[in-house]
A.B. asks: 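Following this message is one structure expressed as structure tokens.
Residue numbers run from 1 in the order of the sequence given. Both ligands and their constituent atoms are indexed starting at 1 by order of listing.
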Amino acid sequence: MSFADSLYQLIVQTSTNLPSDIRRLIAEANRRETADTNSSLALATIALNVDMACETERPICQDTGMPTFVIATPVGFDQLALEEQIRECVARATKAGKLRPNSVDSLTGKNSGDNLGPGTPVIHFHQHRQDEVEIKLLLKGGGCENKNIQYSLPQELPGLGRADRDLDGVRKCLMHAVYQAQGQGCSAGYLGVCIGGDRTSGYDAAKMQLFRKADDVNPIPELAELEEYVTHNANKLGIGTMGFGGKVTLLGCKVCAVNRLPASFFVSVAYDCWAFRRLGVVLDPKTGAIRRWLYREQDEIKKLAVGQGFQLTGKEVVLEAPISDEKVRSIKAGDVVVINGLVHTGRDALHHYLLHHDSPADLHGQVLYHCGPVIIKDDQGRWMVTGAGPTTSIREEPYQADIIGRFGIRAVIGKGGMGAKTLQGLKQHGAVYLNAIGGAAQYYADCIDRVEGVDLLDQLGVPEAMWHLRVNGFATICTMDAHGNSLHRDVDQASLAELGKFAEPVFAGSHD
Ligand code: SF4
């Protein structure tokens with residue numbers, strides 16, 4: 001096996017197969033969550049999706065994120081040659097639909113199409129004295145990356161009061177970090193945290209904490225205690241999986257401390273989602289053959305699904321476009337809604353486009369899906385969907401209500417929920433917001449019968465183009481209806497009230 005073969009294996013496996021420790025946490029979450037709730041439904045779908053991705057060797061989530069490699073090589077090893085091979089393997093995995101083309105020129109918006117470009121992929125090299133090459137890879141998507149947060153202490157925090165420059169202040173930040181993410185980063189989430197550093201090194205060190213194994217114990221007793229406290233108590237906030245409300249909100253928390261300037265006290269948080277994709281390999285430095293895998297255990301839980309995922313009961317609302325005003329107003333927040341027929345994808349670039357142009361497809365009575373799928377062409381030149389879960393909807397909050405009104409859209413599918421402006425727009429124009437299970441790329445790809453067409457592909461690239469997909473049995477939960485009800489607003493308010501219960505000091509202040 002060559003370096004290229006081993007690197008390609010690492011990329012494919014990281015995108016399609018969760019590490020043993022995260023599998024265990026998801027299995028545990030499934031056991032802990034109250035049965036027959038929206039959160040348990042979401043967890044069951046997540047478990048099934050993980051199994052499907054592993055079996056088909058397709059992406060667990062359609063957002064395969066920013067590939068971040070952390071590499072240790074022996075002294076004298078040719079790092080430049082390895083970097084070149086990494087870039088080739090990233091492009092190859094993208095072409096094969098194992099990674100979504102995710103590298104976009106920040107000025108022109110043009111997608112490079114192969115996940116290569118300035119700053120992509122991210123590669124950190126170190127040297128070590130072992131006679132082996134260790135390569136770790138993290139694929140962390142944009143939805144959870146957007147929920148990263150950095151605090152500069154002292155700072156006032158909603159519900160918690162002042163966070164001071166001490167361990168108790170850090171504790172408050174971490175409880176707040178979980179609260180502010182709600183379901184938008186595809187909870188149940190995971191925190192990597194750095195206390196100290198500067199603005200850039202703090203975020204970097206926080207992300208590196210995500211390479212620690214879930215069951216390791218922090219060697220610094222205060223930090224071990226903090227990690228345990230946050231993991232345990234964040235689950236009392238009641239945010240639940242996907243922000244549906246429930247017992248499982250956070251899967252883990254890893255904290256490091258690095259030195260800081262006297263004037264600064266940053267707490268940097270890297271928020272990862274349930275689709276916590278990180279693996280590693282140890283390679284022979286001469287041949288590139290894989291000596292062993294990292295984050296894989298002998299007794300790994302191979303099958304996570306306990307039921308059939310999104311269990312349907314026959315009581316669901318079934319929607320097929322074109323949808324009438326009367327039909328859409330009969331749907332209530334909390335209803336399970338199954339979509340059949342045509343849906344049109346649209347995310348950030350399309351919303352921006354629609355502000356200034358006509359829609360390439362007639363959207364009256366139609367369903368808009370916030371989704372940036374992974375789509376490649378098969379041997380016969382037909383489009384093939386290899387991953388198609390929802391993307392985070394809140395990014396479209398500034399545009400959504402106007403676009404619903406202007407184009408007559410009746411249903412928006414996404415994840416994580418939307419805000420007050422969209423809620424008002426749903427009421428005014430007669431439309432609903434349907435929450436699909438974030439990250440369930442294989443589960444939803446399986447609901448797509450065929451790709452009927454695509455618009456704006458050359459202009460916007462694969463993830464941002466407007467794909468016209470014919471779906472069958474596409475299951476969602478209505479979380480915002482046309483009567484002003486929003487489950488997201490309710491969970492936010494309830495979790496803020498819970499957060500307030502953690503305002504009292506727990507850890508002794510360092511200045512006491
Ligand atoms: S699971 Fe959700 S937050 Fe994570 S990468 Fe996928 S869409 Fe993004």
A.B. asks: Under 4.0 Å between a Lys/Arg side-chain N and an Asp/Glu carboxylate O for D215 and R24?
C.D. replies: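 Counted as a salt bridge, because a side-chain N and a carboxylate O are separated by less than 4.0 Å.
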A.B. asks: At the 4.0 Å heavy-atom cut-off, does R277 count as touching ligand 1?
C.D. replies: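 Judged by the 4.0 Å heavy-atom criterion, R277 does count as contacting ligand 1.
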A.B. asks: Which ligand 1 atoms are under 4.0 Å away from a heavy-atom of G439?
C.D. replies: 1 (S), 6 (Fe)
A.B. asks: Against ligand 1, does E145 come closer than 4.0 Å with any heavy atom?
C.D. replies: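 Flag not set, E145 not near ligand 1.
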A.B. asks: Between C144 and atom 4 (Fe) of ligand 1, is there a contact where an N/O/S atom of the residue lies under 2.8 Å from the metal?
C.D. replies: no
A.B. asks: With atoms numbered from 1 as shown, which atoms in ligand 1 lie under 4.0 angstrom from a non-hydrogen atom of C186?
C.D. replies: 1 (S), 2 (Fe), 3 (S)
A.B. asks: Which atoms of ligand 1 sit under 4.0 Å from any heavy atom of A275?
C.D. replies: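 Those qualifying, in numeric order: 1 (S).
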A.B. asks: What part of K415 sits under 4.0 Å from ligand 1 if we count only heavy atoms: the side chain, the backbone, both or neither?
C.D. replies: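 Side chain only; the backbone of K415 stays clear of ligand 1.
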A.B. asks: What atoms in ligand 1 come closer than 4.0 Å to a heavy atom of C61?
C.D. replies: 1 (S), 5 (S), 6 (Fe), 7 (S)
A.B. asks: Which atoms form the tightest heavy-atom contact between P463 and P101, and what is the distance?
C.D. replies: CG-O, 3.4 Å
A.B. asks: I'd like to check which ligand 1 atoms, numbered from 1 as shown, lie under 4.0 Å from a non-hydrogen atom of G141.
C.D. replies: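 Once the distances to G141 are compared, the set is 5 (S).
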A.B. asks: For F125 and F69, I'd like to know if the aromatic rings sit close, meaning centre-to-centre distance below 6.0 Å.
C.D. replies: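 No - the distance between ring centres of F125 and F69 does not fall below the 6.0 Å cut-off.
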A.B. asks: Within the side chain of Y433, is there an N or O that forms a donor-acceptor pair under 3.5 Å with the backbone of G417?
C.D. replies: yes
A.B. asks: For ligand 1, which atoms sit closer than 4.0 Å to a heavy atom of D63?
C.D. replies: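 Once the distances to D63 are compared, the set is 5 (S).
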A.B. asks: Quick one: CD on E396 to NE2 on H370, what's the gap to the nearest 0.5 Å?
C.D. replies: 5.0 Å
A.B. asks: Can you measure from CE (M208) to NZ (K136) and round to the nearest 0.5 angstrom?
C.D. replies: 10.0 Å
A.B. asks: Any idea which protein heavy atom is nearest atom 4 (Fe) of ligand 1, and the distance to it?
C.D. replies: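 The closest one turns out to be C273 SG, 2.3 Å.
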A.B. asks: For ligand 1, which atoms, with element, lie under 4.0 Å from some heavy atom of G185?
C.D. replies: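 It comes down to these atoms of ligand 1: 3 (S).
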A.B. asks: Side chains of Q442 and N49: do they bring a donor and an acceptor to under 3.5 Å?
C.D. replies: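 No - no donor-acceptor pair under 3.5 Å links their side chains.
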A.B. asks: Flag the pair Y271 / Y190 as yes when their ring centroid distance falls below 6.0 Å, and as no otherwise.
C.D. replies: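 Between Y190 and Y271, which both carry aromatic rings, the centre distance is not below 6.0 Å.
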A.B. asks: For R450 and M384, indicate whether the former's side chain and the latter's backbone hold a donor-acceptor pair under 3.5 Å.
C.D. replies: no
A.B. asks: What is the closest protein heavy atom to atom 8 (Fe) of ligand 1, and at what distance does it sit?
C.D. replies: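 I find the closest protein heavy atom is G143 N, 3.8 Å.
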